[in-house]
*Asks:* 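Pasting a structure here, questions to come.
Every chain is numbered from 1 and lettered A, B, ... according to where its sequence line falls, protein lines coming before strand lines.
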2 protein chains.
Amino acid sequence: MSEDIISWTNQGTAFIVYNQDLLEKNVLQNYFKHSNYSSFVRQLNLYNFKKVKSNEGFIFRNNFFRKGTKSMLQLIKKRNQEDSAIQFAVQGEHASRQKQEQNLFKECAIDIKQTNTNLKEDMKLLQETSSCLIDQMQNLNYVIYNQNVDIELKFKQVGQMLQAINEELKSEKQSDSQTLNQSLVRKEDCYQDSKVGSPNPYVDYNSTALNPLDYECFLDSFF
Amino acid sequence: MSEDIISWTNQGTAFIVYNQDLLEKNVLQNYFKHSNYSSFVRQLNLYNFKKVKSNEGFIFRNNFFRKGTKSMLQLIKKRNQEDSAIQFAVQGEHASRQKQEQNLFKECAIDIKQTNTNLKEDMKLLQETSSCLIDQMQNLNYVIYNQNVDIELKFKQVGQMLQAINEELKSEKQSDSQTLNQSLVRKEDCYQDSKVGSPNPYVDYNSTALNPLDYECFLDSFF
DNA sequence: GGGAATATTCCC
DNA sequence: GGGAATATTCCC
């Protein structure tokens, strides 16, 4: 009897194989192009049947395989279909994302490279500007130094002249000490006059400068 | 007879099927898990057999399928094998190229990063240089300003002294116009004496300076 | 002829 | 159990 070889479980929600040898020779032959129990099980696995140990022994079950409900059989699908479809989709998705990411990196790299190029150019200009500024600064230092030397020389000459005049006036003062005091007074009057008459534009007559003739200590301040 | 159903061509380089029906029922059954001529042809195609019209009729040939040479049969390969091999190779190639491209980006990124590091260092140096230049510039401004103040002060004092001397000489000139020429001569003697007697350390007596009293044209050189 | 789905086999 | 090769079927 076929029931001694393979049959439904008590609940009619799974089936049990009692005799593999007889199943191969008497049953599979009639339904498949083979008579191998292993091929049969392979197909069960492909269609998502599960081999479970129950109180009745090892049974094969599938949620949509039940006694008396043939209409549910259409819900039994090959797992590989979904799997391979999902796998394919996943692979495609993966490749696609990788490609997208790579494109982002590409754009990013190009952008950064352009930025770097611009920065390099800016840097070059700045370095040239800086170099130019340094040159100008050195030149300015040189000019100022030379001006200083020139001015010092001229002041030295002025000092010499004033020294000479000082000696001259001293010797005159010695010959007539009276005249000096007189001339000082007279000078101050004259000083006031010149301020009114034709003022020298380079002289600040209201300054707190030294007494003009007291130039000995004044000369010291030059050197 | 089997020769009435399927047989070698005259040259033994191909075979002819004379009777499809009998082939299915009497032959295929024994060699395959089916008895369909179409499935048989499908397999021939998969193994790269070609259906050719010869003078003997339609024949199936494959370069490695010849009468009496069983050893050549191993060279008969499933075309799909090559196909899938090629496909695999193509996929691999694709992945490899993508990987190469990715490596290029990687190197590029490293290069850019190095460039950025260098730029940052250059920038830092430039900023320091710039900062230094600004300091020097400020210092220079300060020096020039002080020099200017110093020079103005000295000119003011010189101006005052010259003004005073001018007044002094004017009054002497007025009292005796003859004395002026005399005093010029006398001053030059005095000048020589002071050189020998107590030389002013700030005066270079051997300089090519102007005649001390010839200060009118000398003053012009100042302004 | 051959692509694609499914079945069978082989093997880990 | 399930991956992978191969076979068979179905369909364009």
*Asks:* Counting neighbours of CZ on A/Phe105 that are heavy atoms of other residues, nucleotides or ligands and sit closer than 6.0 Å, is the number greater than 12?
*Replies:* no
*Asks:* Measure from OH on A/Tyr37 to P on C/dC10 and round the result to the nearest Å.
*Replies:* 18 Å
*Asks:* Going by distance alone, is a donor N or O of one side chain under 3.5 Å from an acceptor N or O of the other, for B/Glu107 and B/Asn103?
*Replies:* no
*Asks:* Regarding A/Asn148 and A/Glu152, is there a side-chain donor-to-acceptor distance under 3.5 Å anywhere?
*Replies:* no
*Asks:* Set out, line by line, the N/O atom pairs under 3.5 Å between protein and nucleotides 7-9 of chain C.
*Replies:*
residue : atom : partner : partner atom : Å
C/dA7   : OP2  : A/Gln43 : NE2          : 3.3
C/dA7   : OP2  : A/Tyr47 : OH           : 2.5
C/dT8   : OP1  : A/Lys33 : N            : 2.7
C/dT8   : OP2  : A/His34 : NE2          : 3.4
C/dT9   : OP1  : A/Asn36 : ND2          : 3.0
C/dT9   : OP1  : B/Lys33 : NZ           : 2.7
C/dT9   : OP2  : A/Asn36 : ND2          : 2.5
C/dT9   : OP2  : A/Ser39 : OG           : 2.4

*Asks:* Applying side-chain contact (heavy atoms from CB on, under 4.5 Å), can you list everything that pairs with A/Phe64, at least two apart in sequence or on another chain?
*Replies:* A/Asn62, A/Met72, A/Leu75, A/Ile76
*Asks:* Of all heavy-atom pairs between A/Arg61 and A/Ala14, which one has the smallest distance, and what is that distance?
*Replies:* CB-CB, 3.7 Å
